[in-house]
2 protein chains.
Amino acid sequence: MPRPSRWNEIVEAAAEAFRTNGFAATSLEDIASAVGIWKGSLYHYINSKEDLLIAVVRGPAEEILNQLKELSETDLPPTEKIRRATRSHVKVLEGNFVYASVYLQEIAGRRKLPEWTAMDREYLDLLESIVREGVESGEFSAVTNPRIATLALIGSLNWLTHWYRPGGPLHADEISDQFCDLFLGGLIIRTPRSTSKPNQKVATTASKTKAVTPRKITSPKTTKPRAKRTA
Amino acid sequence: MPRPSRWNEIVEAAAEAFRTNGFAATSLEDIASAVGIWKGSLYHYINSKEDLLIAVVRGPAEEILNQLKELSETDLPPTEKIRRATRSHVKVLEGNFVYASVYLQEIAGRRKLPEWTAMDREYLDLLESIVREGVESGEFSAVTNPRIATLALIGSLNWLTHWYRPGGPLHADEISDQFCDLFLGGLIIRTPRSTSKPNQKVATTASKTKAVTPRKITSPKTTKPRAKRTA
DNA sequence: CGAGAAATGAAACGATCGTTTGGTTATCCT
DNA sequence: AGGATAACCAAACGATCGTTTCATTTCTCG
């Protein structure tokens, strides 16, 4: 709601503190002293402590869901959809790392707030329908339970917040390419002598950092920029 | 440290409360009233609140690591090692669901206690060495970064605490089989006409609940029972 | 410049928390 | 049975927390 840049400092300090110590263990004085004001002065920006949590968390949560929504409306082949969904998920996590970490640690699963539960469910259903689409089209193996496979993928992606460190040696593109190679191709080595199904490109691609997969096939506005936070 | 069965009630109530509301947001009165005693009486069982957290968490954490240690000392092929590691990981999570959830939400990643960080690191290294072993033997694809693949697998496994519900329709065996099929075989369908490498069994197995993979190959004491908690 | 609004200071509040203390009841052991 | 020990009650302490209140400073803009 407020406009000034001080609000950004406050939310940033809150995110850092929430990620380090957790929401409940973070006091408003921690945040206030990090910004350089008194804790009571925070109440000209918020109405309660939970407003800070929502401000920290809303941006990346909506961004990840919206990007998957847009992707679902395209008519790309399922393999490419999985690739792009993974890529955008990792990219949002990398670009808003602290905020996304707070969301996954404080909101996902734990909360009773139905708003976020509905968003999680919607994301899961959208991604699962992509997997299901691939199974029905014969592109994906039919022995795979689509829901479990989707949950496995989401788990790998969200677990990034437990080991990824911004500024580290691994970048978002490399990680997402590796994830896709793993989930699409599997660990076990493939014999490249398969030419039975001509309509599918057997993408065991992206061995190095730069992807071999085409970036833009139909929709040119796949990754439309979005407002990062409410401010 | 204490012996009586009341101690089990206390730890159980603490685990349930920690999982629902988080460690910091759980008061000792929540736990005490769940057991039916006064909060001050808890201090004949503990020295501080954190003792409860450790009591909740120690069991499954050590059990998961120890089972992987035993498995690593065998000479099974890497594919089978991955299968068994996944299976035991899911089984421990299922059998100690609340306790393991508390560990993953309150300990993994967040804490400065070096004891747990070392355990997490050791588990990761052991599992990664299995993947690396598979790459070097030619069983696994060489384009996969072993560390990223390992982290992806661990993420999928630990994310179980966000969606699995004990008593639900899915059981541990089914989930772990699906995970293995996904990570080993990948989503993209395979042409079954591959007979180039004779020494590997191209296990795209376990479509239904009961595993096709042999349970016991060399070591008969793979899943030795262990003490569940310190009590 | 000067009035009005926004931002912050400074102190205090009620509530709750983890912990302590001391006394009382129950349990176990020989 | 009876003494020792464990288990529990009951109350209180100091600290800290989220929040409120009001005065004061700083900024905005005509």
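Note on naming: letters A, B, ... go to the chains in the order of the sequence lines (proteins, then strands), and numbering restarts at 1 for each one. Hydrogens, waters and symmetry mates are skipped; everything else that's a heavy atom, side chains included, is used.
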Answer with yes or no after comparing the ring centroid distance for B:F179 and B:H89 against a 6.0 Å cut-off, counting only values under it. no
Taking the minimum atom-to-atom distance to the side chain of B:H44, which one of C:dG18, C:dG22, D:dT19 wins? C:dG22
Has A:S41 got a side-chain atom pairing as donor or acceptor with A:I37's backbone, closer than 3.5 angstrom? no
Please state how far atom CG in A:D30 lies from atom C1' in D:dC17, giving the value in whole angstrom units. 11 Å
In whole angstrom, give the distance that lies between atom CD1 of B:I46 and atom P of D:dA7. 14 Å
Could you check whether A:K69 pairs with A:E73 (Lys NZ or Arg NE/NH1/NH2 to Asp/Glu carboxylate O, under 4.0 Å)? no
Rounded to whole Å, the CD-C1' distance (A:E29 to D:dT19) equals 13 Å
A:R6 side-chain N/O to C:dA6 phosphate OP1/OP2 under 4.0 Å: no
Return the value, rounded to whole Å, for the distance between atom CH2 of B:W7 and atom P of C:dT27. 21 Å
Looking at D:dT19, C:dA10, D:dC9, which one has an atom nearest to any side-chain atom of B:W38? D:dC9
What is the distance, rounded to the nearest whole Å, between atom CD of B:E9 and atom P of D:dA7? 13 Å
Check the distance between C:dT20's C1' and B:L28's CG and give it to me in whole angstrom. 13 Å
Output the rounded distance in Å from CG (B:L42) to C1' (D:dA11). 16 Å
Choosing from C:dT19, D:dC9, D:dT19, which nucleotide comes nearest the side chain of A:S48? D:dT19
Answer yes if the side chains of A:S176 and A:T86 hold a donor-acceptor pair under 3.5 Å, and no otherwise. no
Minimum-distance nucleotide to B:S27 side chain [options: C:dA12, D:dC9, C:dC17]: C:dC17
If each of B:K39 and B:G36 is mapped to the nucleotide of DNA chain D with the nearest heavy atom, which maps nearer the 5' terminus, i.e. the 5' end? B:G36
Check: B:F18 main-chain N/O paired with B:N21 side-chain donor or acceptor under 3.5 Å: no
Any idea which of C:dA12, C:dG9, C:dG18 is nearest the A:I37 side chain? C:dG9
Think A:S41 has a side-chain N or O under 4.0 angstrom from the OP1 or OP2 of C:dA7? no
Between C:dT21 atom C1' and B:Y43 atom OH, what is the distance in whole Å? 13 Å
